[in-house]
J.: 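Below: one structure in structure tokens.
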Amino acid sequence: MYAFSALDQAHSSRASKKVKSGLQESMEVQIMKFLQMNEDKSYKLVEANGTLKTMQKIVGGLVERIYYLSDLEERNIDMWCNEEGKLIGMPGNYGVFDKRNGELIDLVVGPVCFTKTNEEGETLGLSDSDISYILANYRTNMICI
């Protein structure tokens with residue numbers, strides 16, 4: 001019997017699975033494109049399965065979604081950071097500023113992971129146009145909201 005984690009079960013509608021009994025168990029998982037943006041604005045296209053473990057590897061620990069970026073929300077793109085990044089002293093990645101008065105609202109630290117979400121809230125890979133949008137708009141140290 002093949003045991004699925006809760007996250008794997010949540011992603012099962014996007015992944016085609018072949019499960020065989022005994023030692024020949026195997027699973028075909030859909031490979032997705034994620035974008036890792038580092039603090040120095042270097043980036044890496046990560047092609048991997050769409051599991052929580054993959055995202056945790058990209059951000060270096062537990063993941064937390066950044067909710068307040070309306071331009072990404074409109075495109076169903078999510079930005080994920082290390083949930084404990086500030087506590088463990090990760091370097092700054094993005095200063096988030098209020099565009100009305102220029103005040104610093106938040107600091108996003110450590111590498112971030114960009115993914116896509118469908119209407120059901122499932123994590124998906126990025127399209128080439130999503131990647132182009134992110135690289136055109138998020139290779140800066142400042143985000144104004």
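We number each residue from 1, following the sequence as shown. Since we're looking at a predicted model, the values are computed, not measured.
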J.: Show your reasoning for whether side chain to side chain donor-acceptor pair (under 3.5 Å) applies to S132 and S129.
T.: CA-CA 5 Å; S132 295; S129 64; over 6 Å; no

J.: Does K99 use its side chain to pair, donor to acceptor, with the backbone of I143 at less than 3.5 Å?
T.: no

J.: Would you say V112 and M142 are hydrophobically clustered, going by side-chain heavy atoms of ILVMFWY under 4.5 Å?
T.: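 In one cluster: no.
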
J.: Once rounded to the nearest 0.5 Å, what's the spacing between atom CD of E74 and atom CG of L69?
T.: 11.0 Å

J.: Going by side chain to side chain donor-acceptor pair (under 3.5 Å), name the residues that satisfy it together with E120, two or more places apart in sequence or in a different chain.
T.: N118

J.: I'd like to know if the side chain of N38 and the backbone of D40 have a donor-acceptor N/O pair within less than 3.5 Å.
T.: no

J.: Ring pair (Phe, Tyr, Trp, His ring centres under 6.0 Å): which pairs involve residues 86-121, sequence neighbours left out?
T.: F114-Y138

J.: What heavy-atom pair brings M55 and T123 nearest, and what distance separates the two atoms?
T.: SD-CG2, 4.3 Å

J.: State, with a plain yes or no, whether a side-chain heavy atom of V63 is found less than 4.5 Å away from one of E83.
T.: no

J.: Please go through L107's hydrophobic cluster and name the other residues, only I, L, V, M, F, W, Y counting, with side-chain heavy atoms under 4.5 Å joining them.
T.: I88, M90, V109

J.: Quick test of your reading: applying ring pair (Phe, Tyr, Trp, His ring centres under 6.0 Å), list the pairs with at least one residue in residues 57-87, sequence neighbours left out, ordered by first then second residue.
T.: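 Qualifying pairs, neighbours excluded: none.
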
J.: Between atom CG of L72 and atom CG of N137, what is the distance when rounded to the nearest 0.5 Å?
T.: 8.5 Å

J.: Applying a strict under-4.5 Å side-chain criterion to I, L, V, M, F, W and Y, I'd like to know whether I105 and I66 cluster together.
T.: yes

J.: To the nearest 0.5 Å, how far apart are OG1 in T117 and CG in N76?
T.: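 It is 6.5 Å, given to the nearest 0.5 Å.
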
J.: Determine yes or no for a side-chain-to-main-chain donor-acceptor pair under 3.5 angstrom, with T115 supplying the side chain and G125 the backbone.
T.: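 A pair under 3.5 Å: no.
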
J.: Report the distance from atom CD of E47 to atom CD1 of I31, rounding to the nearest 0.5 Å.
T.: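 Rounded to the nearest 0.5 Å, the CD-CD1 separation comes out at 8.0 Å.
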
J.: Going from CD1 on I58 to NZ on K53, what distance comes out if it is rounded to the nearest 0.5 angstrom?
T.: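 So the gap between those two atoms works out to 14.0 Å.
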
J.: What heavy-atom pair brings E84 and N82 nearest, and what distance separates the two atoms?
T.: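 In this case the closest contact between E84 and N82 is N-OD1, 2.8 Å.
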
J.: Would you indicate whether the side-chain heavy atoms of V96 and L104 approach each other to under 4.5 Å?
T.: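 When only atoms from C-beta onward are counted, V96 and L104 do not touch, as no gap falls below 4.5 Å.
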
J.: Taking NZ in K41 as the centre, count heavy atoms belonging to other residues, nucleotides or ligands within less than 6.0 Å. Is the count above 12?
T.: yes

J.: Just to verify, what does K86 make a salt bridge (Lys or Arg N to Asp or Glu O under 4.0 Å) with, not counting sequence neighbours?
T.: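 In terms of salt bridge (Lys or Arg N to Asp or Glu O under 4.0 Å), with neighbours along the sequence ignored, K86 is linked to D106.
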
J.: Mind listing the closest non-hydrogen atom pair of F34 and T54 along with its distance?
T.: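 Looks like CE1-CG2, 3.6 Å.
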
J.: Could you tell me whether D128 and K33 make a salt bridge, using a distance below 4.0 angstrom between a side-chain N and a carboxylate O?
T.: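 Yes, D128 and K33 are salt-bridged.
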
J.: State which residues pass salt bridge (Lys or Arg N to Asp or Glu O under 4.0 Å) with R65; sequence neighbours excluded, sorted by chain then number.
T.: E73, D78

J.: Which heavy atom of E39 sits nearest a heavy atom of P91, and at what distance?
T.: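 It is CG-O, 3.6 Å.
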
J.: Measuring from atom SG of C113 to atom CE of M79, what distance do you get when rounded to the nearest 0.5 angstrom?
T.: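 One gets 10.5 Å once the value is rounded to the nearest 0.5 Å.
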
J.: Does R75 qualify as a cation-pi partner of Y133, given the criterion of NZ or CZ under 6.0 Å from the six-membered ring centre and within 45 degrees of its axis?
T.: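 Positive - R75 is close enough to the ring of Y133 and near enough to its axis.
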
J.: Got a donor-acceptor contact below 3.5 angstrom from the N93 side chain to the M37 backbone?
T.: yes

